[in-house]
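Here the structure comes first, spelled out in structure tokens, and everything after it is commentary.
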Amino acid sequence: MKIERMIGILSILLQQKKVTAPYLAEKFEVSRRTINRDIEALCMAGIPLVTEQGQNGGISIMEGYAIDRALLSTADMQAILTGLRSLDSVSGTNRYAQLMEKLSAGASNLIAGDTHILIDLSSWYKTSLSPKIELLHEAILSGQKVSFTYFSPKGETERMIEPYNLIFQWSSWYLWGWCETREDFRLFKLGRMTKLRKRESFAKRFCLLPNFSSEQMFSYIYPIKAKIQPEYKWRLVDEYGPDCFIVQSDGTLLFSAVFTDKTSIVNWITSFGEGAELLEPAEFRKDILQFVEGIRKKYQES
């Protein structure tokens, strides 16, 4: 893309005193004419570039212009590369790493990045997730609607959406867009989409990002207290952090947290088997009993 190439050219000029047009053309795999147009565009954008002819000529930033040639430190560039690598983990390509290589051209000590931090934003379903992200990203950039079958606790529906943002939140990928069915902005989990297709173009409307606060995203918040056996301490720390429980005199763990619905509470408590007991809300204890009785009856009959 032109903007990526222009950023790359500016990055090289910030790190090297002078470069030639043939060097830039080879670096970005374009013609010299394209590089000349990019240089003109940068000048029009207010970057004073100087072109010198002759054997020792080349392109450089005007001497004394107030741009810090150390605009990005080694740590800055490594942090950027770590983030770009995380995007490659879901795109199924090396597009972002290649972009970083262009941005850090002429600074070979930076391109390696911080290899001690590895971020993989993909899921167990990477083979199906990456094509969805690529298709949705293309639809967002080109301003095309998307249609898909969506599976939710309320059932299976067909949706037509104006896509605006891809969002990684709560360890999952989501699409934020205008839903024609609901006539409002909605958040859709990519893992619940099937039969995803790009459709006709649309005129983009004003769009704000969603508010991810619990109060905004969930209608009901249920505070709970539960007694958890000590052998499950690792799970509490893993899921809710070390401050979610208090160790009791008998060694059990008094757990406190908030849940968004009754079903989640019942499922979470019963997932411990005999290792957990719900204390509050007391009225939900009968729901857990009914859930367990239902399972007992089903296996007893079979």
Side-chain angles (χ1 to χ4, degrees), residues 1-11 28-30 34 38 41 45 79-103 119-154 156-213 216-218:
M1 294 176 63
K2 181 177 179 180
I3 186 63
E4 294 176 351
R5 188 173 61 249
M6 291 174 64
I7 293 173
I9 291 172
L10 182 57
S11 177
F28 295 99
E29 300 178 351
V30 295
T34 297
D38 290 341
I80 292 171
L81 180 53
T82 299
L84 292 177
R85 280 179 176 154
S86 70
L87 293 177
D88 275 337
S89 70
V90 292
S91 70
T93 68
N94 292 321
R95 175 190 309 159
Y96 298 100
Q98 290 170 355
L99 169 60
M100 186 61 194
E101 184 176 355
K102 294 175 183 177
L103 291 176
I119 303 174
D120 191 338
L121 297 179
S122 60
S123 70
W124 292 107
Y125 312 102
K126 183 175 182 177
T127 54
S128 62
L129 179 66
S130 295
K132 288 180 183 179
I133 289 178
E134 285 294 287
L135 185 149
L136 290 170
H137 189 210
E138 292 171 1
I140 291 170
L141 293 177
S142 60
Q144 290 178 269
K145 295 180 181 180
V146 292
S147 64
F148 51 84
T149 302
Y150 195 67
F151 298 84
S152 73
K154 296 182 180 180
E156 178 181 340
T157 56
E158 301 298 323
R159 301 296 183 101
M160 182 72 75
I161 307 298
E162 297 174 6
Y164 286 88
N165 299 98
L166 282 166
I167 301 172
F168 186 77
Q169 183 77 16
W170 306 306
S171 302
S172 296
W173 282 93
Y174 295 84
L175 172 68
W176 177 246
W178 176 270
C179 176
E180 292 189 352
T181 302
R182 303 291 184 241
E183 296 186 339
D184 198 1
F185 283 97
R186 288 290 188 272
L187 200 62
F188 300 92
K189 196 171 186 178
L190 266 60
R192 296 178 182 174
M193 296 178 180
T194 62
K195 302 177 183 177
L196 183 61
R197 298 287 187 276
K198 285 190 291 184
R199 300 298 184 180
E200 68 272 15
S201 299
F202 66 94
K204 293 191 176 182
R205 64 186 77 218
F206 180 72
C207 171
L208 291 174
L209 285 175
N211 182 347
F212 287 108
S213 65
Q216 182 68 28
M217 297 303 297
F218 306 108

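Worth saying up front: this structure is predicted, and the values here are computed from it rather than measured.
In plain terms, the two heavy atoms of Met193 and Phe188 that are nearest each other are CE-CB, 3.6 Å. For Gln169 against Tyr174, the heavy-atom pair with the smallest separation is O-CE1, 3.1 Å. The two residues Leu209 and Ile167 come nearest to each other via the heavy atoms CD2-CD1, 4.5 Å.
Taking CZ of Phe206 as the reference point, atom OH of Tyr164 lies at 11.0 Å (rounded to 0.5 Å). Separating the NZ atom in Lys195 from the CD atom in Glu158 is a distance of 6.0 Å, to the nearest 0.5 Å. The CG atom of Leu129 sits 7.5 Å away from the CH2 atom of Trp173 when rounded to the nearest 0.5 Å. Atom CD of Glu138 and atom NZ of Lys198 lie 4.5 Å apart (nearest 0.5 Å). Distance check, rounded to the nearest 0.5 Å: CG of Leu175 to CG of Leu187 gives 8.0 Å. Here the CG-CZ distance, from Leu135 to Phe148, works out to 11.0 Å after rounding to the nearest 0.5 Å.
Remark: the backbone N or O of Lys204 is not paired with any side-chain donor or acceptor of Trp178 at under 3.5 angstrom. Formation of a donor-acceptor pair under 3.5 Å by the Lys132 side chain with backbone atoms of Leu196 is not found in this model. At distances below 3.5 Å, not a single donor-acceptor pair connects side-chain atoms of Gln144 with backbone N or O atoms of Ser201.
Proximity of Glu156 to Tyr150: side-chain heavy atoms (C-beta onward) are nowhere separated by under 4.5 Å. Side-chain contact check for Cys207 versus Trp176: some heavy-atom pair is nearer than 4.5 Å.
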Listed pairs under 3.5 Å, donor-acceptor, residues 179-186 side chains, sequence neighbours left out:
{"from": "Glu180", "atom 1": "OE2", "to": "Lys145", "atom 2": "NZ", "distance (Å)": "2.6"}
{"from": "Asp184", "atom 1": "OD2", "to": "Arg186", "atom 2": "NH1", "distance (Å)": "3.3"}

